[in-house]
Amino acid sequence: MYNPIDPGFFSRPVLELAPALLGQYIVHETPEGLAAARIVETEAYHGPEDRAAHSFNNRRTKRTEVMFADPGRIYTYQMHTHTLMNVVAGEEGTPHAVLIRGAEPVEGLELMQERRGWHFKIPELTNGPGKLSKALGVTMASYGGLWYEEPLFIAPGPGLGGELKAGPRVGIQNTGDAVHYPWRFFEEGNPFVSKYR
DNA sequence: GGTCCGATGTAA
DNA sequence: TACATCGGACCA
């Protein structure tokens with residue numbers, strides 16, 4: 001049984017929330033069943049100063065609107081054919097968010113295999129933001145929801161099983177100095193950490 | 001290891 | 001009309 005984490009957990013600066021999410025559970029309850037995974041990789045996006053953030057320069061559109069909302073909100077975003085999951089951080093009005101990039105399955109492994117395809121090796125099920133969303137059955141329908149309420153929520157986990165590491169973020173280009181900011185956090189050596197591109 | 005390209009939301 | 005917080009297929 002998993003219980004949603006305290007709402008206050010999300011009320012902190014994005015550069016603190018991103019590493020704090022490592023080792024916590026991400027849980028999704030659907031009619032097909034429950035799937036849960038331990039988060040091992042996150043990235044911080046620090047709008048409006050961060051050129052790599054969708055909310056750079058306070059860009060406020062239908063898509064980024066929820067980044068300006070209260071912390072703990074779910075920001076889902078469509079990338080090509082994939083859905084990516086973010087956690088809104090900071091305080092209301094500051095467009096900060098944490099991208100969840102990788103997690104280790106702890107429950108509902110078969111359900112994840114069903115959703116992803118049975119031919120994949122286990123780490124390939126959830127070692128990337130798009131893969132993780134698909135394995136958990138998360139879609140744009142979760143946009144604007146709360147990370148501390150069912151059916152999609154963060155639950156207190158066992159913490160890190162290895163050393164905390166930081167490095168440059170993945171998949172951002174043409175963003176000046178932001179390319180080098182060490183705002184990607186992950187558990188060293190864990191096979192569910194995504195591959196650097 | 002590398003390269004190519006899908007198929008969709010968003011904004012210019 | 002262009003491009004993105006990516007993944008998969010295919011080639012080597």
Side-chain angles (χ1 to χ4, degrees), chain A residues 10 13-15 17-19 21-22 26 37 39-69 71 73-90 94-105 112-145 147 152 154 165-187 191-197:
Chain A
F10 303 99
V14 69
L15 287 173
L17 182 62
L21 280 165
L22 298 178
I26 177 171
I39 299 170
V40 297
E41 182 186 6
T42 60
E43 282 180 2
Y45 285 86
H46 193 283
E49 301 83 8
D50 180 4
R51 281 190 61 181
H54 292 154
S55 54
F56 173 63
N57 211 12
N58 279 318
R59 193 159 54 124
R60 193 162 184 158
T61 65
K62 189 177 166 191
R63 174 175 67 161
T64 62
E65 184 61 37
V66 76
M67 292 184 79
F68 294 83
R73 288 280 170 188
I74 300 171
Y75 173 33
T76 46
Y77 160 70
Q78 201 79 26
M79 170 62 181
H80 290 230
T81 57
H82 314 288
T83 303
L84 277 60
M85 299 178 286
N86 287 260
V87 181
V88 175
T94 62
H96 299 175
V98 178
L99 171 66
I100 302 177
R101 292 195 55 91
E104 176 177 81
M112 296 189 204
Q113 288 176 309
E114 220 166 272
R115 286 169 171 152
R116 291 274 294 125
W118 291 88
H119 56 288
F120 289 113
K121 293 177 185 160
I122 301 291
E124 301 299 319
L125 294 175
T126 54
N127 66 349
K131 299 175 189 177
L132 180 60
S133 295
K134 188 166 184 189
L136 294 174
V138 175
T139 67
M140 285 300 294
S142 294
Y143 183 94
W147 279 114
L152 176 62
I154 302 295
K165 301 286 274 187
R169 293 170 292 180
V170 180
I172 54 175
Q173 290 115 19
N174 307 319
T175 54
D177 288 345
V179 170
H180 308 294
Y181 299 166
W183 289 354
R184 175 193 191 214
F185 304 93
F186 56 98
E187 180 178 295
F192 296 91
V193 172
S194 69
K195 302 195 172 51
Y196 195 83
R197 312 159 71 78

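Throughout, protein chains are lettered first and strands after them, A, B, ... in sequence-line order, and every chain is numbered starting at 1. Computed from a predicted structure; not experimentally measured. When reading the values below, keep in mind they use all heavy atoms of this one structure, side chains included, and skip hydrogens, waters and symmetry mates.
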Give [X] one of three labels, base, sugar-phosphate or nothing, depending on what nucleic acid heavy atoms sit under 4.0 Å from its own.
| X | answer |
| --- | --- |
| A/Glu43 | nothing |
| A/Arg101 | sugar-phosphate |
| A/Lys134 | nothing |
| A/Phe120 | sugar-phosphate |
| A/Ala53 | base |
| A/Arg184 | nothing |

Starting at atom [atom1] of [X], determine the distance to atom [atom2] of [N], rounded to an integer number of angstrom.
| X | N | atom1 | atom2 | answer |
| --- | --- | --- | --- | --- |
| A/Gln173 | C/dC3 | CD | P | 12 Å |
| A/His80 | C/dA2 | NE2 | C1' | 11 Å |
| A/Tyr196 | C/dG7 | OH | C1' | 18 Å |
| A/Tyr143 | B/dT8 | OH | C1' | 17 Å |
| A/Phe56 | C/dC3 | CZ | P | 18 Å |
| A/Ile172 | C/dC6 | CD1 | P | 9 Å |
| A/Arg169 | C/dA4 | CZ | C1' | 15 Å |
| A/Met79 | B/dG6 | CE | P | 14 Å |

Query raised in the report: If you pin A/Met140 and A/Thr81 to their nearest nucleotides in DNA chain B, which one's is more 5'?
Result: A/Thr81

Query raised in the report: For the side chain of A/Thr139 and the backbone of A/Ala141, is there at least one donor-acceptor N/O pair under 3.5 Å apart?
Result: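 It does hold such a pair.
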
Requested in this report: Please name the pair of heavy atoms, one in A/Arg169 and one in A/Ala44, separated by the smallest distance, quoted to 0.1 Å.
Outcome: NH1-O, 2.9 Å

Report task. Identify which one of A/Val193, A/Val40, A/Thr42 satisfies the side-chain contact (heavy atoms from CB on, under 4.5 Å) criterion when paired with A/Phe186. Result ->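 Answer to the side-chain contact (heavy atoms from CB on, under 4.5 Å) test with A/Phe186 among A/Val193, A/Val40, A/Thr42: A/Val193.
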
Query raised in the report: Among all residues two or more places apart in sequence or in another chain, which pass the salt bridge (Lys or Arg N to Asp or Glu O under 4.0 Å) test with A/Glu43?
Result: A/Arg101

Query raised in the report: Centre of A/Tyr181's six-membered ring, under 6.0 Å away, within 45 degrees of the axis: is that where NZ or CZ of A/Arg51 sits?
Result: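 The answer is no; the distance or angle limit is not met.
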
Requested in this report: Would you tell me if any nitrogen or oxygen in the side chain of A/Arg116 comes within less than 4.0 Å of OP1 or OP2 on C/dG7?
Outcome: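 A/Arg116 to C/dG7 OP1/OP2: no side-chain N or O under 4.0 Å.
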
Closest to the [X] side chain: [options]?
| X | options | answer |
| --- | --- | --- |
| A/Arg63 | C/dC6, B/dA7, B/dT10 | B/dT10 |
| A/His119 | C/dG7, C/dA9, B/dA12 | C/dA9 |
| A/Tyr77 | C/dG7, C/dA4, B/dA12 | C/dA4 |

Report summary line: 5'-most contact on DNA chain C (nearest-nucleotide basis), A/Asn127 vs A/Asn174, goes to A/Asn174

Query raised in the report: Listed by chain and number, what are the side-chain contact (heavy atoms from CB on, under 4.5 Å) partners of A/Asn58, not counting sequence neighbours?
Result: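 Checked A/Asn58 against side-chain contact (heavy atoms from CB on, under 4.5 Å); matches are A/Pro48, A/Phe68, A/Pro95.
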
Query - Under 3.5 Å donor-acceptor pair, A/His82 side-chain atoms to C/dG7 base atoms - result: no

Report summary line: Taking pairs as Watson-Crick (N1-N3 plus N6-O4 or O6-N4) or G-U wobble (N1-O2 and O6-N3), each distance under 3.5 Å, the stems of three or more consecutive pairs with DNA chain C are B:1-6 with C:6-11, B:8-11 with C:1-4

Query - Short N-O contact, A/Lys165 and A/Glu187, less than 4.0 angstrom - result: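 Salt bridge between A/Lys165 and A/Glu187, a charged N being under 4.0 Å from a carboxylate O: no.
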
Query raised in the report: In terms of the angle between their ring planes, are A/Tyr75 and A/Tyr143 parallel, tilted or perpendicular, with boundaries placed at 30° and 60°?
Result: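 Ring orientation, 0 to 90° scale: perpendicular.
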
